[in-house]
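The structure appears right after this line, and notes come after that.
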2 protein chains.
Amino acid sequence: MATIKDVAKLAGVAISTASYALNNSNKVSQATKEKVEAAAKSLNYKKNGFASDLKRTKTNTIALILSDLSGPFYSELIQGVQDVTTANGFDLIACSSIGGANSTATKFLQEKRVDGAIILAHNISDEVTLQSARKGFPLVVLDRKLDSDFVYNIEVDNTHGGYLATEHLIQNGHREIAYVSGPYNSHDNNLRFQGYMNALNDHGIAYQPKWKIIGDFTREGGYRTTKMLIAQRKFPHAIFYSNDEMAIGGLEALRENNISVPDDISIIGFDDIQLAEYVSPPLSTIKQPKYEAGSLAVHVIFQLLAGEKVDHHYTLSTELVKRQSVKQRKLPEPIT
Amino acid sequence: MATIKDVAKLAGVAISTASYALNNSNKVSQATKEKVEAAAKSLNYKKNGFASDLKRTKTNTIALILSDLSGPFYSELIQGVQDVTTANGFDLIACSSIGGANSTATKFLQEKRVDGAIILAHNISDEVTLQSARKGFPLVVLDRKLDSDFVYNIEVDNTHGGYLATEHLIQNGHREIAYVSGPYNSHDNNLRFQGYMNALNDHGIAYQPKWKIIGDFTREGGYRTTKMLIAQRKFPHAIFYSNDEMAIGGLEALRENNISVPDDISIIGFDDIQLAEYVSPPLSTIKQPKYEAGSLAVHVIFQLLAGEKVDHHYTLSTELVKRQSVKQRKLPEPIT
DNA sequence: CTGTTAGCGCCTTCAA
DNA sequence: TTGAAGGCGCTAACAG
């Protein structure tokens with residue numbers, strides 16, 4: 001690979017001159033610039049990005065850390081992140097946190113290969129997050145709540161969302177409502193569950209532990225837990241799946257058992273992923289402002305990079321999306 | 001930020017010693033190593049990735065270049081890429097080519113920030129691709145065909161896929177078959193169209209230019225072109241959308257006009273994206289071996305990096321997936 | 001406008 | 001086992 005040295009030599013100028021010329025500085029004459037450019041072209045010279053980043057101690061890129069690049073992550077969120085990042089002339093790279101401490105994500109977080117990062121990856125530990133955040137390296141987390149001088153939190157109002165979902169079910173006459181949870185360590189899940197509890201409570205319905213089923217936020221998990229529910233003697237009036245993926249898995253399990261949604265049972269999800277609208281029946285769910293969350297996250301980073309002071313915590317609101325998986329419950333005929 | 005110098009100073013050793021200790025070399029005593037590690041920890045030292053990459057002139061990361069990070073890209077493909085990459089202990093980063101020549105993708109391609117790259121982004125020009133590829137920097141393209149010493153091609157058999165789709169329609173009694181194309185400059189599209197033509201030809205059906213509609217591979221494009229088709233006087237027996245996204249957009253247009261699929265018209269897509277199975281009716285389509293394409297791509301890169309010689313061209317086969325959007329055409333009652 | 005020079009932070013011979 | 005020193009490729013004073 002040709003270096004700037006080779007270019008300078010070929011063009012017959014000093015290295016610095018070549019550098020200036022290549023960076024479009026106005027310190028060199030048009031003639032030299034052309035000479036240098038010609039030399040660069042003929043050598044197929046490409047600058048070494050590291051060397052220049054090293055020198056300037058700044059990369060102009062921010063990282064988006066996802067738990068799995070191929071996962072059903074939120075394309076709107078990425079869109080938001082992407083839009084704001086490119087609008088600011090920064091580069092955006094996405095990397096996965098598969099592999100935990102040895103993952104690419106951890107590497108990027110720790111080795112200052114980027115100027116800032118957004119984390120949406122439950123498999124990055126709080127510990128890694130906390131010890132990576134430092135002055136001059138803003139970190140925004142979208143999936144947890146962390147108190148640190150250098151970590152900024154953006155959350156959607158999961159509690160309220162959980163409340164909304166549960167209340168919608170209650171208002172449709174359902175009282176025996178199962179909650180299919182996400183993993184135990186999921187902050188989001190815990191808040192959604194809190195909302196579920198609150199709604200039950202506000203409507204004078206006693207919480208029954210038997211209706212809390214532990215899932216894992218995956219489609220298979222939803223399928224499995226639903227099968228389990230079906231295998232049990234008692235069946236709820238409705239199921240609140242703590243995310244859409246699980247609800248879709250559940251839908252499949254229900255269909256296989258000829259249990260009709262929403263005639264026999266009502267179900268509701270959380271997230272409003274793209275698929276939700278296409279499954280049959282279309283899934284009622286809780287919509288999160290994903291685009292906003294993504295763009296806000298980057299926005300915070302840029303403010304921080306510019307040395308401004310910003311809040312450490314933001315909460316975005318959620319919204320009920322009524323589709324066709326929830327229906328008014330037919331009460332058993334009163335005996336006359 | 002603490003540098004290795006600070007660590008060395010605090011630990012009371014030379015810089016090189018600190019470096020050895022931190023890199024687990026066996027050239028330092030256990031005692032020194034511990035001393036250095038303690039110092040590093042207390043300073044919250046993190047090595048600067050650039051500096052070390054610069055020194056070793058190798059990054060251990062490969063880039064996956066997508067036209068849009070938030071786009072409906074192929075999660076299975078990414079899965080394949082990801083699996084093989086991490087299995088080889090390399091890092092994977094995804095970046096977008098939005099912005100063309102000024103995009104992050106172009107930057108990564110040109111500034112040797114990665115050891116190899118996989119391109120699946122029609123908005124990266126052949127020119128950029130060609131001039132980025134160089135010895136020691138293997139490039140695999142998944143969406144075009146390029147002849148260069150340093151570019152490797154992996155294609156799915158689009159022509160055969162197009163043939164399969166069209167033939168399936170023909171075998172169901174359809175003869176007036178519209179083709180909704182992708183963008184003009186899409187290599188994939190051209191091959192699919194070729195397959196369409198071949199099938200028509202093999203079955204003695206004359207190609208009619210009026211049945212070729214120019215789309216753009218987006219859902220909106222499919223919607224728009226279908227509306228157009230509907231607005232015209234003549235309507236085809238069936239439509240072959242050159243990708244699923246467009247077919248889904250088309251489905252919507254058809255539904256809005258109370259044209260039933262597959263009763264009034266049969267349609268087929270291409271790609272077998274996740275949604276295809278969930279739309280109503282479930283979309284018949286052509287499935288591509290996406291996971292294989294992704295894993296093969298990285299595999300090729302690693303072979304190249306290891307100095308092995310590999311073929312410049314691979315073709316993976318496609319397969320017809322029958323679902324419910326294609327139906328045998330009722331012939332008009334013969335007059336008796 | 002151009003050239004000289006001193007590092008950015010790290011790794012790695014080489015000599016002690 | 002440890003330390004001194006050179007340099008990866010580039011940028012940015014500074015001096016001419």
Side-chain angles (χ1 to χ4, degrees), chain A residues 1-40 43-61 107-108 110-115 134 136-137, chain B residues 1-40 43-61 107-108 110-115 134 136-137:
Chain A
M1 274 309 288
T3 73
I4 198 168
K5 220 158 152 181
D6 303 314
V7 175
K9 198 192 296 173
L10 181 63
V13 299
I15 296 180
S16 60
T17 308
S19 173
Y20 287 135
L22 261 7
N23 289 302
N24 262 317
S25 156
N26 52 358
K27 297 185 154 186
V28 295
S29 68
Q30 188 58 28
T32 354
K33 186 186 271 179
E34 278 165 15
K35 212 164 47 180
V36 172
E37 278 166 357
L43 290 170
N44 191 23
Y45 165 77
K46 300 281 182 286
K47 86 156 147 197
N48 183 315
F50 296 134
S52 88
D53 285 346
L54 173 58
K55 182 65 193 180
R56 337 196 323 194
T57 57
K58 140 173 233 336
T59 67
N60 255 46
T61 112
K107 184 163 156 188
F108 273 74
Q110 303 199 141
E111 301 184 357
K112 59 164 165 188
R113 290 169 179 278
V114 290
D115 290 340
R134 54 188 178 267
F137 185 58
Chain B
M1 274 309 287
T3 72
I4 199 169
K5 219 157 149 184
D6 304 314
V7 175
K9 197 192 298 175
L10 181 63
V13 300
I15 296 180
S16 59
T17 309
S19 173
Y20 285 137
L22 262 7
N23 290 303
N24 262 317
S25 156
N26 53 358
K27 298 186 155 186
V28 296
S29 69
Q30 187 60 28
T32 2
K33 187 186 269 181
E34 277 165 18
K35 213 166 45 180
V36 172
E37 277 166 358
L43 289 171
N44 191 24
Y45 166 76
K46 300 282 182 289
K47 85 156 150 199
N48 182 315
F50 295 134
S52 82
D53 285 346
L54 173 58
K55 182 65 193 178
R56 333 180 353 170
T57 57
K58 135 174 236 332
T59 68
N60 256 47
T61 112
K107 183 164 157 187
F108 273 74
Q110 305 202 139
E111 301 184 357
K112 56 166 155 184
R113 289 169 181 277
V114 290
D115 290 340
R134 53 187 178 269
F137 184 59

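Not measured: the values here are computed from a predicted model. Convention: sequence-line order gives letters A, B, ...; per-chain numbering from 1.
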task = Calculate the interatomic distance between B:Lys112 atom NZ and D:dC10 atom C1'; express it in whole Å.
result = 12 Å
ask   = Where the side chain of B:Ser16 is defined as all heavy atoms beyond and including C-beta, which of D:dT2, C:dT2, D:dA4 is the nearest nucleotide?
value = D:dA4
remark   = B:Arg56 atom CZ is separated from C:dT12 atom P, nearest whole Å, by 7 Å
note = For B:Val28 and B:Tyr20, the nearest pair of non-hydrogen atoms, with its separation, is CG1-CB, 3.7 Å
key: Electrostatic pair B:Lys58:B:Asp53 at N-O distance under 4.0 angstrom   = no
NZ/B:Lys107: more than 12 non-hydrogen atoms of other groups inside 6.0 Å = yes
remark   = Atom NZ of A:Lys33 and atom P of C:dT2 are separated, to the nearest Å, by 11 Å
query = Out of D:dT11, D:dC8, C:dC10, which has the shortest distance to the side chain of A:Ser19?
reply = D:dT11
query = Quick one: B:Ile15 CD1 to C:dG7 P, roughly how many Å, whole number?
reply = 13 Å
ask   = Nearest to the side chain of A:Thr57, which nucleotide is it out of D:dG9, D:dT2, C:dC8?
value = C:dC8
inquiry  = As a test of reading the structure: which of D:dG3, C:dT2, D:dC8 is closest to the side chain of B:Ala14, going by heavy atoms?
reply    = D:dG3
message = Return whichever of B:Gln30 or B:Lys55 has its heavy-atom-nearest nucleotide of DNA chain D closer to the 5' end.
response = B:Gln30
query = Does D:dC10 have OP1 or OP2 sitting under 4.0 Å from an N or O in the side chain of A:Tyr45?
reply = yes
message = Using a heavy-atom cut-off of 4.0 Å across all strands, would you classify A:Tyr20 as base, sugar-phosphate, or nothing?
response = base
request  = Examine C:dC11: is either OP1 or OP2 under 4.0 Å from a nitrogen or oxygen in the side chain of B:Asn23? Give yes or no.
outcome  = yes
query = Between D:dG7, D:dT2, D:dG9, which one does the side chain of A:Thr3 approach most closely?
reply = D:dG9
message = I want to verify a distance call: between D:dC10, C:dT2, C:dC8, whose nearest atom is closest to the A:Thr32 side chain?
response = C:dT2
Main-chain N/O of A:Leu54 paired with A:Thr57 side-chain donor or acceptor, under 3.5 Å = no
key: Nearest heavy-atom neighbours spanning B:Arg113 and A:Phe50   = O-CZ, 3.4 Å
key: Earlier contact from the 5' end, DNA chain D, for A:Lys27 and A:Ala2   = A:Ala2
key: Whole-Å gap separating P (C:dC1) and NZ (A:Lys35)   = 14 Å
message = In this structure, how many angstroms lie between the P atom of C:dC8 and the CG atom of B:Leu54, rounded?
response = 13 Å
task = Would you kindly give the CD1-to-C1' distance between A:Ile4 and C:dT4, to the nearest whole Å?
result = 15 Å
request  = Let me know the distance between NZ of B:Lys47 and C1' of D:dC8, rounded to the nearest Å.
outcome  = 15 Å
Within 6.0 Å of NZ in A:Lys5, more than 12 heavy atoms from elsewhere = no
query = Which nucleotide, D:dC8, C:dT2, D:dT2, lies nearest any side-chain atom of A:Lys5?
reply = D:dC8
request  = Select base, sugar-phosphate, or nothing to describe what B:Asp53 touches, counting heavy atoms under 4.0 Å on all strands.
outcome  = nothing
